[in-house]
Number of protein chains: 4
Amino acid sequence: MSETTRRGRPRSAAADQAILEATRSLLGSGGYAGVSMEAVAAEAGVGKPTVYRRWASKAALVADAVLTSEAFGAWEQPEEPAGSGDVGHDVKAWLRAHAERMTAPGQIPLVLALAAAAAESPGGAGEPLYRRLTGPRHRALVARLEAGVAAGQLRAGRDLDAVADALIGALLYQLLTGNAAASAARAEDLVETVLEGFRPAPLAETAGRGRG
Amino acid sequence: MSETTRRGRPRSAAADQAILEATRSLLGSGGYAGVSMEAVAAEAGVGKPTVYRRWASKAALVADAVLTSEAFGAWEQPEEPAGSGDVGHDVKAWLRAHAERMTAPGQIPLVLALAAAAAESPGGAGEPLYRRLTGPRHRALVARLEAGVAAGQLRAGRDLDAVADALIGALLYQLLTGNAAASAARAEDLVETVLEGFRPAPLAETAGRGRG
Amino acid sequence: MSETTRRGRPRSAAADQAILEATRSLLGSGGYAGVSMEAVAAEAGVGKPTVYRRWASKAALVADAVLTSEAFGAWEQPEEPAGSGDVGHDVKAWLRAHAERMTAPGQIPLVLALAAAAAESPGGAGEPLYRRLTGPRHRALVARLEAGVAAGQLRAGRDLDAVADALIGALLYQLLTGNAAASAARAEDLVETVLEGFRPAPLAETAGRGRG
Amino acid sequence: MSETTRRGRPRSAAADQAILEATRSLLGSGGYAGVSMEAVAAEAGVGKPTVYRRWASKAALVADAVLTSEAFGAWEQPEEPAGSGDVGHDVKAWLRAHAERMTAPGQIPLVLALAAAAAESPGGAGEPLYRRLTGPRHRALVARLEAGVAAGQLRAGRDLDAVADALIGALLYQLLTGNAAASAARAEDLVETVLEGFRPAPLAETAGRGRG
DNA sequence: AGGTAACCGAGACGGTACGTCCGGTCTTAAG
DNA sequence: CTTAAGACCGGACGTACCGTCTCGGTTACCT
């Protein structure tokens with residue numbers, strides 16, 4: 001499909017990387033508000049139209065810059081392989097890893113920028129921006145939970161999307177409230193509590209960890 | 001203590017209201033990005049310095065405008081009185097009411113603006129801005145959970161802050177992903193699922209969710 | 001030399017004219033004090049940066065606006081052609097014309113604005129602003145007087161610059177003192193009196209006017 | 001008529017002096033444009049209303065500040081006593097002194113400020129502001145010329161106001177063109193040239209300028 | 001002597017204008 | 001024929017200053 005043969009001068013691939021890198025650098029310094037297309041172009045050593053030709057808005061640029069960052073690039077398919085057989089163990093491991101990546105040095109401003117980009121324009125270009133960004137992770141988590149249900153490790157009939165929303169949303173909320181430090185530490189406990197309600201009823205009495 | 005004697009001309013209280021109302025109006029039209037100090041001043045019929053004299057930044061102004069809105073003003077202490085005796089019932093009612101207020105016509109842009117204000121500047125003036133804003137609600141929810149634990153309706157030893165983060169964060173996440181419509185509908189199911197893990201073990205068999 | 005090839009979008013020539021015309025309009029209404037860069041931009045239908053890009057200060061803008069006005073445009077080289085052969089006749093005609101142009105309807109505020117621009121900032125950007133503005137006229141007058149000296153119609157050895165200063169300065173002084181009406185009426189008499197001292201000595205006794 | 005007895009607290013005379021002195025100080029630093037009512041009040045150590053209570057506008061304040069300055073205070077009646085008997089000698093001495101005072105260190109910005117105040121608002125409060133300011137000097141000069149005519153030292157029938165305008169205007173013009181240095185040096189020559197046309201015809205042969 | 005009225009310094013008020021930054025668009029040259 | 005870069009354009013920024021008003025308090029006249 002489409003023209004495989006491009007006409008005219010080809011785009012510089014190096015410019016893309018320079019622009020994204022400049023955007024991440026500015027995000028690290030001043031957060032979402034500290035990013036300006038002007039500064040991005042200047043720091044990347046390109047003209048402003050070059051930036052606008054590739055990203056339609058600051059929100060889109062920032063989203064791409066964050067999602068293509070080294071730390072985020074690894075998020076895309078991390079949890080499938082972690083199939084230990086126990087859904088509780090897998091989800092704990094995944095959420096903990098998730099939280100640790102989010103709170104790694106220099107990553108917090110990037111995550112917040114994602115939220116800012118999604119929140120600043122309700123009727124903006126990318127209406128469900130945040131969903132687009134976090135969708136793959138959300139779906140992967142839901143898939144793992146479904147597998148747990150199929151394996152009889154979790155009770156059926158629950159709203160799995162709601163559970164995934166709660167787990168991911170808790171991390172987001174902690175970041176927004178400046179409580180990032182707690183995220184990784186609490187991740188396992190959070191999963192344990194939330195999944196408790198999923199256990200098949202008869203097994204519930206042994207589920208308390210430590211003493212409960 | 002402090003100076004009881006104010007010098008100079010006193011501030012106009014009417015201007016405060018006009019500015020906040022203008023801010024809310026603009027938030028409704030164009031979201032956080034659609035608010036400019038210039039437009040706020042013009043719509044409120046005051047000069048720009050009058051705005052800057054009272055709020056140091058757009059983020060601070062937006063935060064105040066949202067929190068003093070009619071719908072938000074009622075949030076501050078709603079859940080204490082809802083003491084039906086059953087923690088599950090109370091929290092469900094509270095979260096559902098919370099979700100309904102957030103998703104009432106015209107309220108979504110206000111909530112998103114709060115997130116945008118909190119997220120756009122990590123090292124900004126109000127570092128833990130969002131916590132300041134949502135703190136009272138968070139604490140009220142934790143207090144109700146603690147009462148449930150004390151009454152023996154919930155298992156002890158859980159991280160109540162984490163649970164509250166999950167419940168509130170889930171709503172926030174749904175808003176950011178454009179899934180606001182689901183928030184109110186799912187609220188009760190969400191509470192049920194999350195609190196399931198709290199039930200004291202022997203009583204687990206009665207916990208079956210009414211609706212599933 | 002110099003780059004004949006300009007890069008980037010060229011400036012709008014129409015904007016220049018609109019800005020200058022708006023400036024003259026405001027000068028007519030409220031004088032120099034009534035001109036603001038803000039109002040100029042608004043009336044010209046352009047943005048403020050467009051004004052600042054072309055003129056560095058209000059003084060420079062006003063100076064250009066006045067000097068490019070219709071009435072002033074004709075001042076640049078008016079007296080050379082008036083070569084009737086008699087220096088007294090020529091200078092009288094020139095000064096009268098000069099005075100009449102200055103005091104034509106709507107012109108007085110423009111001339112005063114020139115003086116205000118020159119006077120408000122001693123160490124400003126255009127230190128000898130007024131000289132730059134009136135220099136051509138001054139030099140033309142001096143040239144005509146020199147020709148009169150060369151033709152033996154005026155006595156040699158006088159400070160021609162001082163004489164030109166006196167003739168032009170008299171008009172300026174009358175404008176500043178609100179005595180503009182008198183300028184044109186007195187112009188000829190003023191020239192006659194001042195030039196009297198220039199006549200070659202032996203002819204002085206017949207110098208009463210009429211024969212000049 | 002009217003109340004000679006004022007009620008209430010009398011105005012502080014010291015404040016007047018402090019305000020005028022502060023105004024002169026600011027004029028010296030930044031010219032007319034460098035004076036702001038705010039800065040005047042601050043430097044004088046008084047409140048802004050105290051300034052506005054005494055002077056209605058910046059132009060009026062600046063005018064008073066200049067005219068009550070030490071150097072200008074002496075201008076009011078200097079030329080009457082200079083009655084040497086020879087009108088040429090007297091006027092030369094007066095104009096030279098006038099020029100020297102104007103161009104004394106720190107005085108130029110004051111004189112320019114006077115011109116700026118007069119020129120910035122054609123239809124402003126003090127329409128004939130400059131005339132009010134320079135009127136006494138102008139009238140004194142005309143009076144001396146009239147005495148010269150009466151004594152037979154000058155020819156009758158000339159427009160003495162025009163001559164005075166030329167002498168004073170020449171100095172003003174030189175100041176505005178940044179040619180202040182020349183003013184004092186040229187003053188005598190200027191007077192000599194201008195008055196030449198006034199001499200009664202038979203005496204013309206002695207008119208050769210002593211210094212040229 | 002006590003009231004009262006006009007002044008005082010201080011400073012915040014509402015608002016105009018300032019000069020600058022930045023988001024986007026257009027024009028021309030390079031590839 | 002499409003890139004790339006530079007200049008241009010106008011909206012909005014945050015600040016300085018405008019001239020006014022409101023204070024608490026002082027100073028003198030006038031009952």
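Below, each value reflects all heavy atoms present in this structure, side chains not excepted, and no hydrogens, waters or symmetry copies. Just so you know, these numbers come straight off a predicted model, no measurement behind them. So that the names make sense, note that chain A is the first sequence line, chain B the second, and so on, each numbered from 1.
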K.L.:
Rounded to whole Å, how long is the line connecting atom OH of D:Tyr52 with atom P of E:dG11?
P.N.:
17 Å
K.L.:
What about C:Lys48: does its side chain form a donor-acceptor pair under 3.5 Å with the base of E:dG19?
P.N.:
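Present.
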K.L.:
Map B:Val35 and D:Ala39 onto DNA chain F by nearest heavy atom, then report which one ends up closer to the 5' terminus.
P.N.:
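The answer here is B:Val35.
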K.L.:
Could you check how far CE of B:Met37 sits from C1' of E:dC18, rounded to whole Å?
P.N.:
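It works out to 18 Å between those atoms.
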K.L.:
To the side chain of A:Val46, which of F:dA5, F:dC9, E:dG14 is closest?
P.N.:
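Taking heavy atoms from C-beta onward, the closest nucleotide is F:dA5.
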K.L.:
Strictly below 4.0 Å: does C:Arg11 bring a side-chain N or O up to OP1 or OP2 of F:dC8?
P.N.:
yes
K.L.:
Does the C:Ser69 side chain pair with the main chain of C:Ala65, one donor and one acceptor, at a distance under 3.5 Å?
P.N.:
no
K.L.:
What's the CG-P distance between C:Leu61 and E:dC18, to the nearest Å?
P.N.:
10 Å
K.L.:
Expressed as a whole number of angstroms, how long is the span from B:Ile19:CD1 to E:dG14:C1'?
P.N.:
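Value for this atom pair: 10 Å.
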K.L.:
Take atom NZ of C:Lys58 and atom C1' of E:dC18, then tell me their distance rounded to the nearest Å.
P.N.:
11 Å
K.L.:
So, B:Thr68 versus B:Arg24: side-chain donor-acceptor pair below 3.5 Å or not?
P.N.:
yes
K.L.:
Backbone N or O of D:Ser36 within a donor-acceptor pair of the D:Lys58 side chain at under 3.5 Å?
P.N.:
no
K.L.:
Nearest to the side chain of A:Pro49, heavy atoms from C-beta on, is which of F:dA16, E:dC26, F:dT3?
P.N.:
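Looking only at side-chain atoms, A:Pro49 lies closest to E:dC26.
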K.L.:
F:dC17 P sits how many Å from D:Glu43 CD, rounded?
P.N.:
13 Å
K.L.:
Taking any heavy-atom pair under 4.0 Å as a contact, classify B:Pro10: base, sugar-phosphate, or nothing.
P.N.:
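Sugar-phosphate: the residue B:Pro10, judged by heavy atoms under 4.0 Å, touches backbone atoms but no base.
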K.L.:
Suppose we call a contact any N or O donor and acceptor under 3.5 Å apart; does that hold for the side chain of B:Arg53 and the base of E:dG14?
P.N.:
yes
K.L.:
Could you check D:Ser36 against B:Glu38 and say which one's nearest nucleotide on DNA chain F is further toward the 5' end?
P.N.:
B:Glu38
K.L.:
Please give, in whole Å, the distance from E:dG19 P to C:Trp55 CH2?
P.N.:
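The answer, rounded to whole Å, is 15 Å.
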K.L.:
Keeping B:Thr50 on the side-chain end and B:Val46 on the backbone end, is there a donor-acceptor pair under 3.5 Å?
P.N.:
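It does not hold such a pair.
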K.L.:
I want to check something: taking the side chain as every heavy atom from C-beta on, are C:Asp64 and C:Trp55 in contact at a cut-off of under 4.5 Å?
P.N.:
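Answer yes - side chains close enough.
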K.L.:
Considering every strand and a 4.0 Å limit on heavy-atom distances, what is the contact class for B:Thr50: base, sugar-phosphate, or nothing?
P.N.:
base
K.L.:
Looking at F:dG19, I'd like to know if its phosphate oxygens (OP1 or OP2) sit under 4.0 Å from a side-chain N or O belonging to B:Arg9.
P.N.:
no
